[in-house]
A.B. asks: 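I am attaching a structure below and will ask some questions about it afterwards.
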Amino acid sequence: MSYEIVGITVLWLFLYGYVIVASIDFGAGFFAYYAKVTKRDHIINQIISRYLSPVWEVTNVFLVFFFVGIVGFFPSTAYYYGSALLVPASFAIILLAIRGSFYAFENYGSKQSNVYMFLYGATGLLIPASLSVALTVSEGGFIKEENGVVSLKYLELFTSPLAWSIVGLAITAILFISASFLTYYASRANDKPALNLVRRWSLFWATPTIIMALTTMIFLGQHNQRHFDNMLDLWWVFGLSMGFFLIAMGLLYIGRNYGTAFIAIMLQFFFAFFGYGAAQYPYLLDPYIHIESSVTNESMGLALIIVFIGGLLMLIPSLILLMRLFLFNADYAKGKK
Amino acid sequence: MEFDTVTISRLITAMTLTFHIIFATLGVGVPLFISLAEFIGIKKKDKHYELLAKRWARGFVITVAIGVVTGTAIGLQLSLVWPNFMQMAGNVIALPLFMEVFAFFFEAIFLGIYLYTWDRFKGKYTHWLISLPVVIGAGMSAVFITTVNSFMNSPDGFTITNGEFVAVNPIEAMLNPSSPTRIAHVLGGSYLTVAAILATIAAIALLRKKGAADYHKKALKMTVISMLVFSILTAVAGDTSAKYLAEHQTEKLAAAEWLFETEENADLILFGWLNENNEVVGELRIPGFLSFLAHGDFMSEVTGLEVTPEDERPPLVIHYLFDLMVSIGFFLIGISFLYLVLSKFKRWNVHNKFMLWMLALSGPLAMLAVEFGWIFAELGRQPWIVRGYMTVSEAATSSPYILHMFFLFLALYIVLGTLFVITLRKLFKDNPVELELEKHYPELEKGDKK
């Protein structure tokens with residue numbers, strides 16, 4: 001396989017990792033606030049904070065990994081996306097900063113204030129909204145390059161139904177993924193009242209997620225015919241995604257095997273995410289960044305891949321250790337340790 | 001309002017880095033001292049050290065959080081504010097940037113484990129062992145990022161043909177000529193600064209006489225010894241760094257030392273100012289010493305600023321930054337040495353008011369030295385972003401919204417800084433050492449009062 005394909009696959013994998021772990025985190029923020037407003041926080045907030053406290057820094061690194069990696073593998077992404085996304089990405093940084101400091105100031109510092117709980121919940125929805133702009137922009141038509149100056153067409157972006165449906169999909173998917181994970185975590189902790197609550201949320205958010213996914217498909221077809229046609233050619237990938245979604249729904253509905261249900265949801269998004277990404281080939285930014293012509297030189301590509309493999313050999317055992325200690329340790333989940 | 005995007009781009013990056021470097025320095029250094037304290041605690045079976053490690057770790061969590069968010073900010077800002085630079089960097093120096101993320105990932109995972117597993121392992125050393133990947137990960141992050149900054153000063157490992165990068169050697173770019181000395185200086189400086197800050201905390205606690213004196217005295221002894229060791233190492237690394245400048249980046253040294261003409265047996269100029277004829281007045285002069293520092297020989301020739309074209313010379317103000325950094329460095333060596341001498345003689349009270357005040361000043365001064373050092377390093381490279389290849393004005397974004405972003409980030413840092421101070425104060429005020437000692441280690445209380 002050529003460097004550019006290895007490179008983009010690796011990066012896409014990390015972005016997928018970020019989508020999953022960050023969704024759990026962002027959604028949990030929203031649910032924590034919602035539970036507080038509806039006076040049910042005593043039921044679930046213990047579960048949420050016990051899971052999130054040890055892993056939040058790890059979540060952030062997935063994102064950093066992606067944007068550092070993509071500049072390494074495809075340097076011209078820095079030029080185009082960097083120039084165009086100054087404003088939306090700066091907003092994302094600010095929101096991430098507010099959220100990141102929430103953990104520090106609230107969890108370690110003092111008791112929970114309403115303002116901070118609100119910010120924590122709100123940033124959980126606003127960060128994905130601002131980050132999703134990058135995906136919208138990649139479809140083309142939102143950037144102009146004049147006299148060597150790259151800029152974003154704000155009016156087109158804000159009036160684009162595609163942009164808004166991607167935002168909607170991002171938010172509904174986050175709530176769905178997060179609720180399903182919390183369902184699994186509550187069942188691990190053997191916490192019945194919390195389980196009932198989050199399972200209902202998970203079943204509820206499934207429908208809007210699928211509706212938004214279909215809506216996005218329709219608007220994508222109107223905006224970028226090439227991408228849309230490629231997706232139709234990969235129909236079986238999206239079919240698999242749908243299949244796993246149905247399995248997950250079945251299990252959640254019957255009320256058993258929540259772990260398997262969550263894995264099915266992860267696979268559902270895995271196939272959808274990779275189908276979407278593969279259909280965008282050969283562009284990283286339609287039509288400015290073509291994957292083959294924008295890839296970095298061979299020696300850098302090779303060096304990055306070697307480092308990546310070495311890094312994974314170090315990280316995977318560490319991540320497994322982290323998960324065994326916190327995530328899959330039933331005593332910890334129950335709050336005994 | 002008239003403004004040019006290049007200036008604002010520089011200001012926004014300067015602001016982010018000035019803020020971030022505080023937390024980055026703490027992030028690199030504090031894990032070493034937590035690990036050291038826990039180790040001594042186990043070795044000596046002394047609960048005071050265990051508590052030291054725990055309390056430092058608790059404060060560290062807050063600094064790490066801000067380090068993470070400001071680090072994410074600068075990571076993204078590099079592409080947002082300097083898109084042309086990052087396009088070039090992506091081609092040549094992406095490797096250490098990529099490795100830095102791995103190092104941080106590694107550190108973050110083990111930090112999470114370390115913080116939440118104080119009492120979960122049977123063997124005492126098991127928990128301590130978890131601190132090692134944190135120390136190493138933090139140190140390696142600094143190493144990798146410093147190589148990127150070194151590359152900007154002494155680019156290497158590629159050639160340009162028709163505007164394309166050819167013969168790129170990522171390892172050579174990473175281990176460029178200035179990397180080794182700068183890595184040593186940055187690492188040493190971070191450990192020194194953190195030792196000084198932890199000493200400041202202990203010294204202030206002793207000055208306020210709120211109790212738990214034994215605890216604070218142990219903290220002070222441990223951190224001041226570290227200060228002496230690391231201040232000497234940092235000075236040596238700084239000296240080799242200056243020798244590198246004299247050899248390879250003459251305009252930076254010449255501007256820092258106000259050496260306008262190439263000279264043999266050049267004098268070292270300390271402070272002073274320039275009059276309207278650009279002559280140095282009011283300075284302290286050490287004859288021949290610049291030649292000695294630059295090449296190890298009082299008679300050697302030091303290259304002056306005149307060999308550099310006028311529009312490629314760094315601003316002369318860096319002279320003050322350099323002198324201030326070095327002065328603080330010598331103050332730290334002196335004060336930690338004095339402390340050790342005094343502590344060897346039982347007759348003198350090493351914890352007298354003067355000593356404690358001086359040590360209390362060490363931390364803030366050391367952090368200032370870090371800031372001066374970095375501003376010196378960055379201004380001293382002007383007008384280049386990658387020396388000899390790309391200037392900062394060629395690298396900057398052309399977005400008209402950069403000024404708005406400047407104020408947005410200014411507001412963010414003000415809020416973060418304020419919350420940081422409030423949270424730390426709360427964290428330690430609500431749970432003072434005396435109280436925690438009494439609660440968790442009642443057996444120590446008696447020994448403490450005698």
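Please read all numbers here as calculations on a predicted model, not as lab measurements. Residue numbers begin at 1 in each chain, while the letters A, B, ... track the order of the sequences.
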A.B. asks: Hey, does A/Met300 have a side-chain heavy atom less than 4.5 Å from the side chain of B/Asn91?
C.D. replies: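 A side-chain contact under 4.5 Å is absent here.
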A.B. asks: In terms of heavy-atom proximity below 4.5 Å to chain B, should A/Tyr79 be classed as side chain, backbone, both, or neither?
C.D. replies: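 Contact with chain B involves both backbone and side-chain atoms of A/Tyr79.
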A.B. asks: In Å and rounded to the nearest 0.5 Å, what is the CG to OH distance from B/Leu80 to A/Tyr81?
C.D. replies: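 Between atom CG of B/Leu80 and atom OH of A/Tyr81 there are 13.5 Å.
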A.B. asks: Give, for atom CZ of A/Phe67 and atom OG of B/Ser79, the distance between the pair rounded to the nearest 0.5 Å.
C.D. replies: 7.5 Å
A.B. asks: Stepwise, does the side chain to side chain contact (heavy atoms under 4.5 Å, CB included) test hold for B/Ile113 with A/Leu321?
C.D. replies: CA-CA 9 Å; B/Ile113 297 177; A/Leu321 181 65; 3.8 Å; yes
A.B. asks: Please state whether the side chain, the backbone, both or neither of A/Ser83 comes within less than 4.5 Å of a heavy atom of chain B.
C.D. replies: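 Both parts, heavy atoms under 4.5 Å.
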A.B. asks: May I ask you to test the B/Phe409-A/Ile93 pair for a side-chain heavy-atom distance under 4.5 Å?
C.D. replies: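 Side chain of B/Phe409 against side chain of A/Ile93, heavy atoms only: contact under 4.5 Å found.
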A.B. asks: So which of A/Leu302, A/Leu304, A/Thr77, A/Ile98 has the biggest tally of heavy-atom pairs under 4.5 Å with chain B?
C.D. replies: A/Leu304
A.B. asks: Just so I understand: if I count every heavy-atom pair under 4.5 Å between each of B/Thr397, B/Ile422, B/Leu416 and chain A, which residue has the most?
C.D. replies: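 Looking at each of B/Thr397, B/Ile422, B/Leu416 in turn, B/Leu416 comes out on top.
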A.B. asks: Can you tell me how far the OG atom of A/Ser90 sits from the NE2 atom of B/His404, to the nearest 0.5 Å?
C.D. replies: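 Going from OG on A/Ser90 over to NE2 on B/His404, the span is 12.0 Å.
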A.B. asks: Given heavy-atom pairs under 4.5 angstrom as the criterion, report whether the side chain, backbone, both or neither of B/Ile171 touches chain A.
C.D. replies: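 No part of B/Ile171 comes within 4.5 Å of chain A.
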A.B. asks: Heavy-atom cut-off 4.5 Å, strictly under: side chain, backbone, both or neither for A/Phe308 against chain B?
C.D. replies: both
A.B. asks: Would you say A/Ser299's side chain and B/Val168's backbone share a donor-acceptor pair under 3.5 angstrom?
C.D. replies: yes
A.B. asks: Is the CZ atom of A/Phe91 crowded by more than 12 outside heavy atoms at less than 6.0 Å?
C.D. replies: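 Counting neighbours around CZ of A/Phe91, 12 or fewer heavy atoms of other residues, nucleotides or ligands fall under 6.0 Å, so no.
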A.B. asks: Flag the pair A/Leu319 / B/Ile109 as yes when at least one side-chain heavy-atom distance between them is below 4.5 Å, and no otherwise.
C.D. replies: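 A/Leu319 vs B/Ile109: side chains touch.
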A.B. asks: Where do A/Gly72 and B/Ala94 come nearest, in terms of heavy atoms and distance?
C.D. replies: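 It is CA-CB, 3.4 Å.
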A.B. asks: Could you report the tightest heavy-atom contact between B/Phe102 and A/Leu312, atom names first, then the distance?
C.D. replies: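 Smallest interatomic distance, heavy atoms only, reads CE2-N, 3.9 Å.
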A.B. asks: Tell me, for B/Phe85 versus chain A, whether the close heavy atoms (under 4.5 Å) come from the side chain, the backbone, both or neither.
C.D. replies: neither
A.B. asks: Quick one: CD1 on A/Ile94 to OH on B/Tyr413, what's the gap to the nearest 0.5 Å?
C.D. replies: 7.0 Å
A.B. asks: Side chain, backbone, both or neither: which part of B/Val415 has a non-hydrogen atom closer than 4.5 Å to chain A?
C.D. replies: neither
A.B. asks: If you count heavy-atom pairs under 4.5 Å with chain B, which of A/Gly301, A/Gly69, A/Ala78 comes out on top?
C.D. replies: A/Ala78
A.B. asks: How many angstroms lie between OG1 in B/Thr72 and CG in A/Leu63, if you round to the nearest 0.5 Å?
C.D. replies: 7.0 Å
A.B. asks: Check whether B/Leu412 gets within reach of chain A through its side chain, its backbone, both or neither, counting any heavy atom under 4.5 Å.
C.D. replies: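 Contact with chain A: side chain only.
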A.B. asks: Heavy-atom pairs under 4.5 Å with chain B are the metric here; pick the option from A/Leu86, A/Val64, A/Val71 that has the most.
C.D. replies: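 Winner by heavy-atom pair count: A/Leu86.
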A.B. asks: Is there a ring pair (Phe, Tyr, Trp, His ring centres under 6.0 Å) between A/Tyr154 and B/Tyr401 once you walk through the steps?
C.D. replies: CA-CA 12 Å; A/Tyr154 288 94; B/Tyr401 299 104; 5.5 Å; yes
A.B. asks: Drop me the distance from B/Phe104's CZ to A/Phe65's CZ, to the nearest 0.5 angstrom.
C.D. replies: 13.0 Å
A.B. asks: What pair of heavy atoms forms the shortest contact from A/Pro75 to B/Gln87, and how long is it?
C.D. replies: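 The pair with the smallest heavy-atom distance is CB-O, 3.2 Å.
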